[in-house]
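Right, one structure below, let's go through it.
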Amino acid sequence: MVILFAILLGSALLYFFPIKPLPAPDGEYKIGLRILELKMLKKELATDNPDDRRRILIDIWYPAEETSGYEPSYWLREPTYFKAMEGTHDILKLLTQHAGQVRTNSYINAPTKSNSGNGYPVIILLPGTPSLVSLYFNYAEKLASHGYIVVGLEQTYANIAVEFADETVIFDRSTEATLIDRISKAETEDERMQDTFQYPF
C-alpha cells in the first residue's frame with residue numbers, strides 16, 4: 001500500500017510539476033560554464049574562529065566554441081537549497097526538490113570561443129540576500145549567448161545556502177544580530193566594507 005501511494009504521489013508531482021530544461025536563449029553563441037571555488041586571505045568575520053578565511057563560490061558563463069561531449073549543468077545544483085527553503089520559507093522539500101533535475105543550456109568546462117583578440121564584455125551578477133545565483137540562470141545564459149561573460153558570485157553567509165565541493169554547507173546569517181554587531185565594530189570603514197558578508201572581495 002505504501003509503495004502504491006509513493007508511485008501515485010510521484011506521478012502526481014511529475015504531472016503538476018514537470019521536469020523540463022530551461023528555455024534555450026536566443027543568442028548566436030553556445031554557452032560554457034565554469035564553477036570556481038576561491039579561498040581568500042582575509043579573515044572571516046562571520047565565524048568566531050580567527051583562523052577561518054572567506055570562501056567564495058563563483059559561476060562563470062561565457063560564449064563557447066563547442067559543447068558536444070560536455071555535460072550540461074543542472075539548474076539548482078545545491079541539494080541543500082531545498083532543505084533551506086523548507087526551513088526558512090515553510091515550503092516542503094517534497095514540492096521543490098524535483099527542480100534539482102532540471103538541465104540548463106550551459107555546458108560545464110566547454111572551451112571558450114575565440115574572439116580574435118577582442119575579448120568579451122564582463123557583467124558581474126550579485127543575486128542579493130538571501131537569493132542564489134542559480135535563480136538567475138536564464139538571464140546569465142541569455143547574456144552569454146549574445147557574447148557576454150557573466151560572473152555570478154554566491155555571497156557566503158548571505159545566500160540562503162552555499163554548498164562547496166567538499167560538501168561544506170554555509171547557510172544565510174545576514175540577519176543575525178550578533179554577526180551584524182561584529183561587523184559594525186570592525187576597526188575601520190574600509191575593514192567593514194571588505195569583511196562584511198555582503199562584499200565577497
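- To the nearest 0.5 Å, atoms OG (Ser73) and CD1 (Ile35) are separated by 5.0 Å.
- Smallest separation of non-hydrogen atoms from Gly32 and Ala110: CA-CB, 4.2 Å.
- Taken together through direct or relayed side-chain contacts under 4.5 Å among Ile, Leu, Val, Met, Phe, Trp and Tyr, Tyr136 and Val162 form part of one hydrophobic cluster.
- The CZ atom of Arg54 lies 12.5 Å from the NZ atom of Lys39; values are rounded to the nearest 0.5 Å.
- One hydrophobic cluster holds both Ile149 and Ile124 under the rule that ILVMFWY side chains link at heavy-atom gaps under 4.5 Å.
- Put simply, the side chain of Glu37 never gets that close to the backbone of Phe164: no donor and acceptor are under 3.5 Å apart.
- Here the side chains of Arg55 and Thr168 are in contact, with some heavy-atom distance below 4.5 Å.
- Hydrophobic clustering (ILVMFWY, side-chain heavy atoms < 4.5 Å, transitive): Tyr120 and Leu36 are in one cluster.
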(message) Before you tell me yes or no, could you show the steps for Trp61 and Phe137 under ring pair (Phe, Tyr, Trp, His ring centres under 6.0 Å), namely the whole-Å CA-CA distance, both residues' side-chain angles and the distance that decides it to 0.1 Å?
(response) CA-CA 9 Å; Trp61 290 266; Phe137 226 109; 5.1 Å; yes
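- Salt bridge status for Glu71 with Arg103: present, with a side-chain N to carboxylate O gap under 4.0 Å.
- Tracing side-chain contacts under 4.5 Å through hydrophobic residues (I, L, V, M, F, W, Y), one reaches Val151 starting from Tyr62; they form part of the same cluster.
- A single hydrophobic cluster is not seen to contain both Val133 and Tyr107; linkage of ILVMFWY side chains at heavy-atom distances under 4.5 Å, directly or through other members, places them apart.
- Contact record, Gly27 with Ser145: N-OG, 3.0 Å, taken as the closest heavy-atom pair.
- Separating the CG atom in Leu33 from the CD atom in Glu141 is a distance of 8.5 Å, to the nearest 0.5 Å.
- Residue Leu153 is tested with Ile58, Leu38, Leu57 for a side-chain contact (heavy atoms from CB on, under 4.5 Å); the sole match is Ile58.
- Looking only at side-chain heavy atoms (C-beta outward), Ser134 and Tyr74 stay at 4.5 Å or farther from each other.
- Note that CD of Glu65 and OH of Tyr29 are 10.5 Å apart. Values are rounded to the nearest 0.5 Å.
- No side-chain heavy atom of Pro127 sits less than 4.5 Å from a side-chain heavy atom of Leu135.
- Within the model, atoms CD1 of Ile60 and CG of Leu125 stand 12.0 Å from one another, a figure rounded to the nearest 0.5 Å.
- For the pair Ile31 and Thr67, the minimum side-chain heavy-atom distance is 4.5 Å or more.
- To the nearest 0.5 angstrom, Thr112 atom OG1 is 4.0 Å from Arg34 atom CZ.
- Between the side chain of Asp26 and the main chain of Lys142, no donor-acceptor pair closer than 3.5 Å is present.
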